Amino acid sequence: MQRNAGFCVACAALVVVLILTAGCSDGSDPGSGSQVTQRVSRSESHARMLTDLAIIARNTATDNPYHGSKVVKELKQRVDGLPKGAVGRDTFELNFAAGEAHVQHGDLKNGIAYLNRAYELAPGARLSSEETNFLRFRIGVAYLRLGETENCCARNTPDSCILPIRNDAVHTRVEGSTKAIKYFEQVIRATSDADSPPEALKIYYASRWLLNLAYMTLGDYPDKVPPEFLIPTRMFRSEVNDFPRFVNIALKLDLNTFNLAGGAIVDDFDNDGYLDIVTSTWDSNGQLRLFANGADGTFSDRTEKAGLLGLFGGLNILQTDYDNDGNLDILVLRGAWLDRAGRHPNSLIRNNGDGTFTDVTFAAGLGDVHYPTQTGAWADYDNDGDLDLFVGNEHSQKLTAPCQLFCNNGDGTFSDVAARAGVENFGYTKGCTWGDFNADGFPDLYVSNYTSPNRLYKNNGNGTFTDVAPALGVDRPIRSFPTWFWDYDNDGVLDLFVSSYTGSVDQLAAHYLEQSTNYEQPRLYRGDGNGGFENVARQQGLEYPMLPMGSNFGDLDNDGYLDFYLGTGDPDYASLMPNLMFVNRRGKGFTNVTMAGGFGHLQKGHGVAFADLDNDGDADVFQQMGGAYLGDKYGDALFENPGFGNHWIGIKLVGVTSNRAAIGARIHVEIEEDGSSRSIYRHVNSGGSFGANPLRQTIGLGGAERVRKLSIFWPRTGRTQTFHDIVADQVIRIVEDEKKFTKIGLRKLLLGGKP
């Protein structure tokens, strides 16, 4: 342990890395390469992908810094090889590193034993007071994770890990939280607000937060929390408390897949009108999963029947119809956060239209070179009627990784034109989104880079792009992650949300304690209608420590204004912070309804999808859960919308001259409500940059029982379809250029099946 190490996300892992540096490989992946491959058939492509992914899975133990067992085994051997009675700093550091490695790998009992041995050795290691507090903190975190594993994971209930913790979420096995409290109290009592350096204060605030959570898990908050350590109960209430509670029903539907971080898509993959669910996981040994909607309130696992077995890994997934055949295909993005060890192939998985899928990556020309990534976005950037693909790769000092722009050749293959188009970026890309911000008919591209300025690539309409982010003042925050274009205030002009991947657990605690804390703010850039933007995050109530990963937006209350949900956290087990739901106050600001709505899940939140899974017209929220380390798995969540009594319209668009999925089409709904008229705008896509909503749009109408006028603008042709006087509360299908729409007859479902 370094002197004055203090608290940071990577500190624990750093000790392991420093000790084993001499024995580390270069991190290269034998299943990856940079040479252009010869085109193969679809069946050969699928077989090759299965082989490559099997090799990656097999080599995980040595190549993957998060999931590999090699480090754990080597540290155990080194500790076991120490002379009997050995003391001193080296002995201490080996035990500490072994403890952290075992805990991260999921071997909590042995990990805690090593950490406790390190604590016994601490006096002989001559630790500074800050180092001693750091050690106490890490032991407390390990015990708290033990409590989560033995209770929330092993005895999962709808209330588990939902803040504020109550009812069935209270732990019945109490060792973990009880011992965690002991160490967190020691940290707090050993820290002086006035005299402590910043790193020590970080541990102090994090310990205050986790101490209160631990008391909650025992059912002892607030009564038994020492008054001087208490976080006030008012801080665990929403800004509005009459917001209805959404119940997590994933367990009831067998949708609570227990896994690491990953992606989620909700959409109709078999064209029966009912929405299915696809999930992925970052685990190199973890299976892509397809859950088919039975049209009776139940879901069934169709993974094997769909031919998806062996398609492992993927931190994010997206749907599209790349070949315009009317069947939604799947894109899997792999290798994120792993630098050179993350040169895993992405997957383009073709929907065959018969319930099966084929991985066509190599046949389609998407597998010539592999870079680590977790973000991509589809759009018809050249307006030729075929969907193109931008993949945002993670360029770093260790690996040159340009972003890729795959132009659809119209014959089932793609060509990477990023260099010619000027969008290689060369940043650590964590999010990307398409949107026509200047309304010239060509989609523009926003790229969110972690630790470097972001890009807004203006589409020049000739196959090239120009970065206008600095000129328009939209290149911040520097540490950004998810991002999306949307029209949050329904003025017909695209706005832009860019998250800040700052706001760690200590900063969150300081915020809850109403103390000043320094973190980079997110940005909400409001489009001004003239091609410019203004940051209105403060005015809209979004200056808040967020640390978001997976995220998305949708209309929870069907008032016609878009709300959004952020999955929060980072790999550290200490990062137990509530996922955040913000409800839009008709374009006048956002209200945090996390606690009242039951959305404050403490586990790591990833792929998010807003979708009407039961066909009652309101958006339910599916969230893929789980952390980065093998010991941080968790079950996925599905928050069922209790309903708000507002009206709605569902719209499925089908392109003919334009791309069949209608990605990029613009919807304008005009309604009469309470004696006045207003407009609602949607741009067809899958939502945010980490999680995928259905391409079929569900649009809230508030109190309006009819749509007075519905307009669909198709950018490729520049033509607008118009319909009048449409009855609310139905799903309709609109085909490009056809004069009439058709109703899609869908049954309302009781999720979980008949009682």
Side-chain angles (χ1 to χ4, degrees), residues 1-2 5 7-21 23-24 60-82 86 89-122 125 127 131 134-154 173 175-180 182-184 210 258-261 282-286 570-576 603-604 626-634:
M1 184 184 295
Q2 298 175 336
F7 169 75
C8 68
V9 171
C11 282
L14 179 61
V15 175
V16 178
V17 173
L18 290 175
I19 291 176
L20 295 177
T21 296
C24 290
T60 290
T62 56
D63 292 348
N64 193 306
Y66 290 88
H67 307 157
S69 59
K70 179 181 178 181
V71 171
V72 177
K73 292 177 180 178
E74 289 188 5
L75 284 168
K76 181 180 185 303
Q77 290 173 355
R78 292 191 182 191
V79 173
D80 291 346
L82 289 169
R89 192 170 184 95
D90 290 345
T91 301
F92 161 79
E93 287 186 350
L94 272 176
N95 276 274
F96 177 79
E100 288 286 270
H102 279 77
V103 168
Q104 290 167 356
H105 208 66
D107 186 357
L108 290 165
K109 291 288 188 180
N110 282 322
I112 289 172
Y114 281 116
L115 290 174
N116 281 328
R117 176 59 179 156
Y119 194 67
E120 294 171 359
L121 292 165
L127 303 184
E131 288 175 322
F134 178 72
L135 173 61
R136 291 167 178 154
F137 179 77
R138 298 311 304 178
I139 298 174
V141 168
Y143 273 118
L144 196 58
R145 182 62 206 179
L146 175 66
E148 296 168 68
T149 300
E150 292 184 338
N151 293 275
C152 310
C153 298
R173 300 185 65 177
E175 177 191 8
S177 290
T178 300
K179 291 185 176 178
K182 166 189 167 184
Y183 286 99
F184 293 142
L210 296 176
F258 190 73
N259 229 322
L260 297 179
W282 195 35
D283 188 345
S284 299
N285 291 279
D570 62 33
D572 197 302
Y573 286 0
S575 296
L576 285 173
Q603 296 296 320
K604 312 297 169 57
Y629 294 109
L630 287 180
D632 206 9
K633 293 183 178 182
Y634 203 76

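Predicted model only: the values in this text are computed from it and were never measured.
Rounded to the nearest 0.5 Å, atoms SG (Cys153) and OH (Tyr634) are 6.0 Å apart. To the nearest 0.5 Å, the span separating CG on Asn64 from CG on Asn285 amounts to 9.5 Å. The OG atom of Ser69 sits 10.0 Å away from atom CD of Glu74, with the distance rounded to the nearest 0.5 Å. Between the CG atom in Leu146 and the CG atom in Leu108 there is a gap of 5.5 Å [rounded to 0.5 Å]. Put simply, CG on Asp90 and CG on Leu121 are 11.5 Å apart, with the number rounded to the nearest 0.5 Å.
Evaluation of the side chain to side chain donor-acceptor pair (under 3.5 Å) rule for Asn110 yields Asp107 as partners, not counting sequence neighbours. Considering only residues two or more places apart in sequence or on other chains, Glu120 meets the side chain to side chain donor-acceptor pair (under 3.5 Å) condition with Arg117. Listed by chain and residue number, His102 satisfy the ring-ring contact (aromatic ring centres under 6.0 Å, His included) test with Tyr114 (two or more places apart in sequence, or in another chain). With sequence neighbours left out, Thr178 forms a side chain to side chain donor-acceptor pair (under 3.5 Å) with no residue at all. Not a single side chain to side chain donor-acceptor pair (under 3.5 Å) links Asn95 to another residue, sequence neighbours left out. The ring-ring contact (aromatic ring centres under 6.0 Å, His included) test applied to Tyr66 returns Trp282, Tyr629, not counting sequence neighbours.
Between Ala101 and Leu75 the shortest heavy-atom distance is CB-CD1, 3.8 Å. Closest non-hydrogen pair, Leu144 versus Ser177, comes out as CD1-OG, 4.0 Å. Taking both residues in full, the closest heavy atoms of Gly140 and Ala180 are given as O-CB, 3.4 Å, listed atom of the first, atom of the second, then distance. Of all the heavy atoms in Ala574 and Leu210, the pair that sits closest is O-CD2, 3.7 Å. Taking both residues in full, the closest heavy atoms of Thr60 and Ser284 are given as OG1-CB, 3.2 Å, listed atom of the first, atom of the second, then distance.
With ring centers used as reference points, Tyr119 lies under 6.0 Å from Tyr183.
Listed for the Tyr573 side chain is a donor-acceptor partner under 3.5 Å among the backbone atoms of Val103. Although no hydrogens or angles enter the test, the distance criterion places no donor-acceptor pair under 3.5 Å between the side chain of Asp283 and the main chain of Leu260. For the pair Tyr143 (side chain) and Glu175 (backbone), a donor-acceptor distance under 3.5 Å is absent.
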Stepwise side chain to side chain contact (heavy atoms under 4.5 Å, CB included) check, Leu576 with Glu148: CA-CA 11 Å; Leu576 285 173; Glu148 296 168 68; 3.5 Å; yes
Thr149 vs Lys633, test: side chain to side chain contact (heavy atoms under 4.5 Å, CB included). Steps then yes/no. CA-CA 9 Å; Thr149 300; Lys633 293 183 178 182; over 6 Å; no
Between His105 and His67, is a side chain to side chain contact (heavy atoms under 4.5 Å, CB included) present by the stated rule, with each step listed? CA-CA 7 Å; His105 208 66; His67 307 157; 5.7 Å; no
Run the side chain to side chain contact (heavy atoms under 4.5 Å, CB included) check on Arg136 and Phe184 step by step: do they pass? CA-CA 7 Å; Arg136 291 167 178 154; Phe184 293 142; over 6 Å; no
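Salt bridge absent: Lys604 and Asp570 never bring a charged side-chain N and a carboxylate O closer than 4.0 Å. Salt bridge present: Arg138 and Asp572 bring a charged side-chain N and a carboxylate O closer than 4.0 Å. A salt bridge does not link Glu150 to Arg145: none of the charged side-chain nitrogens sits closer than 4.0 Å to a carboxylate oxygen.
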